[in-house]
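For the numbers below, each heavy atom of this structure counts, side chains included, while hydrogens, waters and symmetry mates do not.
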There are 2 protein chains.
Amino acid sequence: MASIKDVAAEAGVSVATVSRVLNDHPSVSADARTRVLAAVETLGYRPNAVARSLRTDQTRTLGLVISDVMNPYFTELARSVEEEARSLGYSVIIGNADERPDLQDHHVRTLLDRRIDGLLVSPTDGGSPLMLDAARTGTPMVFVDRWIPGVDVPVVRSDGRGAVRDLVAHLYGLGHRRLAIIAGPAATTTGRERVEVFREALGAYGLELPDAYTGQGDFQAESGRLVTEGFLDLAEPPEVVFAADNLMALGALDAVRARGLRVPDDLALAAFDDIRWFVHTDPPITAIAQPTGELGRAAVRALVDRIEGRPGESVTLPARLVVRRSCGENHTPVQRSTT
Amino acid sequence: MASIKDVAAEAGVSVATVSRVLNDHPSVSADARTRVLAAVETLGYRPNAVARSLRTDQTRTLGLVISDVMNPYFTELARSVEEEARSLGYSVIIGNADERPDLQDHHVRTLLDRRIDGLLVSPTDGGSPLMLDAARTGTPMVFVDRWIPGVDVPVVRSDGRGAVRDLVAHLYGLGHRRLAIIAGPAATTTGRERVEVFREALGAYGLELPDAYTGQGDFQAESGRLVTEGFLDLAEPPEVVFAADNLMALGALDAVRARGLRVPDDLALAAFDDIRWFVHTDPPITAIAQPTGELGRAAVRALVDRIEGRPGESVTLPARLVVRRSCGENHTPVQRSTT
DNA sequence: AGTGCTCGTGGAATCGATTACATCGACCGG
DNA sequence: CCGGTCGATGTAATCGATTCCACGAGCACT
């Protein structure tokens with residue numbers, strides 16, 4: 001592969017001049033410029049990004065460590081992150097943690113080794129020493145979706161409080177009184193928060209969230225299935241299950257089906273995170289939709305701001321309720337959306 | 001960030017010795033080794049992968065350019081690719097082409113600039129000069145799922161011939177005679193091939209595939225919807241629609257629903273690519289399942305073989321039919337699977 | 001004419017690793 | 001006791017860019 005030296009030789013100038021042409025530095029003569037450009041063309045020269053990075057100490061690459069690529073929510077997030085990054089002249093390397101802290105650490109480590117300019121993380125846990133360290137020692141960093149409390153890093157996320165309130169209103173209006181939740185891992189902010197918000201919303205209607213109705217999941221489909229089976233085995237099973245993410249909702253659906261029961265008649269179902277497949281399930285699932293694309297874009301903007309020396313602030317965007325048929329037919333005024 | 005020089009100073013040895021310790025070269029004294037390791041520890045030193053890559057001319061990174069990350073099939077492929085690569089000591093950078101040749105080119109270019117060790121591609125089109133060039137000039141490369149005919153690059157893919165035959169047998173057994181297909185882009189091998197294989201399988205039953213029953217899609221949901229509407233507008237609409245990928249099947253489902261019709265009673269539906277959501281749609285969708293994970297792993301192995309100087313061969317794995325309810329209740333002997 | 005700019009250019013240092021080569025003791029066999 | 005080998009180590013070249021600095025030419029102003 002041709003290097004800058006070859007180009008310099010071909011054009012009859014020094015490597016310094018070639019570099020100047022390529023980075024369009026002002027003081028290069030028109031003549032030199034055309035000769036260099038011609039040489040670049042004939043040699044099919046492409047600058048070696050590795051060498052450039054070594055010298056300039058910037059890779060124009062962002063790292064994105066997400067909890068689970070197979071989760072459509074994160075896939076969409078990853079896609080919007082890449083799009084926005086590309087439009088700002090950055091590439092992104094995605095690391096899939098699969099909800100495993102060790103894998104998360106592995107990815108953070110290799111990304112750091114590769115000297116990415118900044119890191120976007122949706123933490124799987126409370127934060128390993130490695131990540132805390134990176135944050136402290138000044139690696140530009142932004143949390144997206146989930147975050148680690150007490151760490152001084154901007155957070156880009158959505159606030160589901162209003163939407164969960166709308167959901168509870170919807171459920172209450174439908175006559176449901178025994179509501180259960182499949183929580184996410186307590187180590188994640190979203191895992192904890194969604195339960196709290198739900199409990200709070202129930203409180204407004206004088207309803208409780210007993211321990212028996214609080215199942216512990218891990219954001220994966222299988223855990224949703226297991227927890228739902230537990231609910232169904234209860235002497236007095238809940239009337240509604242609210243899954244804290246889309247995969248656990250899928251698992252819940254499995255569990256209900258496996259018993260020959262039906263949604264919403266035997267058990268109503270709602271989920272946090274709206275994905276396009278929810279329109280096509282049987283029945284279509286009522287969900288809380290996050291502005292996923294906007295979240296990804298905002299996160300990249302915040303990170304790039306940090307990288308380029310600007311402030312880079314936290315952003316919180318509201319989620320909204322999308323009512324479908326999985327909680328029963330709807331006749332209340334809280335309906336907000338469709339499709 | 002501490003460099004190898006700092007470590008050398010701290011340990012009281014030369015950088016060469018530090019490097020030797022880190023790459024466990026045999027001739028280093030135990031004493032030097034422990035001192036270096038201690039220094040590494042206290043300084044929290046991590047080797048700069050950028051510098052190392054420049055010197056060794058290898059990045060231990062694979063590039064993966066896929067057609068569409070939002071397609072669950074490719075998401076799963078990407079995941080298995082990353083897993084296998086990681087186990088072999090490589091990282092992977094994913095580029096999402098979104099079925100757009102220009103984006104595909106953009107990613108190939110930046111990956112090449114970053115001097116990735118090898119490239120895994122699922123081409124969106126017939127191949128740009130850039131990609132053809134890369135293949136010719138010796139960049140280790142492997143095609144996965146789709147390929148470009150006439151280019152001397154190993155191909156890892158699945159063969160749907162047998163499964164499509166099983167599908168047609170299943171449909172025929174159910175009494176269907178008017179079968180239509182939503183094809184993928186003619187620029188892709190899978191787009192063309194699936195139509196041919198389908199036509200061939202129909203032929204075995206004395207059935208034709210008229211032009212009117214061959215809709216042109218682009219592997220995206222919207223095109224599936226459009227094509228299906230066209231089919232439904234026909235004076236004599238087909239009894240079955242076979243979508244050449246999962247997203248177009250989703251679009252077809254939309255189209256059928258939008259008219260208040262039902263699957264499979266009014267129109268039966270089958271898809272190439274099985275994804276977990278198909279179990280949960282209404283009705284569950286009959287599909288041809290590729291061994292996606294195995295495909296991804298085999299592709300990585302072939303690529304790494306090439307990179308490390310071993311042959312690196314093409315692999316073809318069989319797909320299989322998974323019968324569900326979207327084509328009508330099944331009483332034929334060809335049923336092969338469940339779940 | 002002399003001074004001081006600016007402009008275009010090349011030489012060389014630099015980034016942080018790896019590694020060929022040289023050096024120096026120690027040890028071994030004859 | 002001496003030449004040779006081997007093991008441990010350091011010095012310096014190298015990878016391919018960017019960029020500081022120096023230099024010379026041309027030009028304007030006094």
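- At distances below 3.5 Å, at least one donor-acceptor pair connects side-chain atoms of A:T56 with backbone N or O atoms of A:R52.
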- Task: Quick one: do B:V142 and B:V155 satisfy side chain to side chain contact (heavy atoms under 4.5 Å, CB included)? Show the steps, please.
- Result: CA-CA 6 Å; B:V142 166; B:V155 180; over 6 Å; no
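- A donor-acceptor contact shorter than 3.5 Å is absent between the side chain of A:D24 and the backbone of A:V21.
- Scanning for side-chain contact (heavy atoms from CB on, under 4.5 Å) contacts around A:S27 gives A:H25, with sequence neighbours left out.
- Atom CZ in B:R35 sits roughly 14 Å away from atom P in D:dA8 (whole-Å rounding).
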- Task: Report, as a single string ordered 5' to 3', how protein heavy atoms within less than 4.0 Å touch nucleotides 9-16 of chain D: B base, S sugar-phosphate only, - not at all.
- Result: BBB-BBBB
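- In this structure a side-chain-to-backbone donor-acceptor pair under 3.5 Å is present from A:T59 to A:R115.
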Distances under 3.5 Å between protein N/O atoms and the N/O atoms of nucleotides 26-28 of chain C, please, pair by pair.
none

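- Closest approach of A:G127 to A:L132, counting heavy atoms only: O-CD2, 3.7 Å.
- Side chains of B:E82 and A:N96: no donor on one and acceptor on the other come within 3.5 Å.
- Smallest separation of non-hydrogen atoms from A:A39 and A:E10: CB-CG, 3.4 Å.
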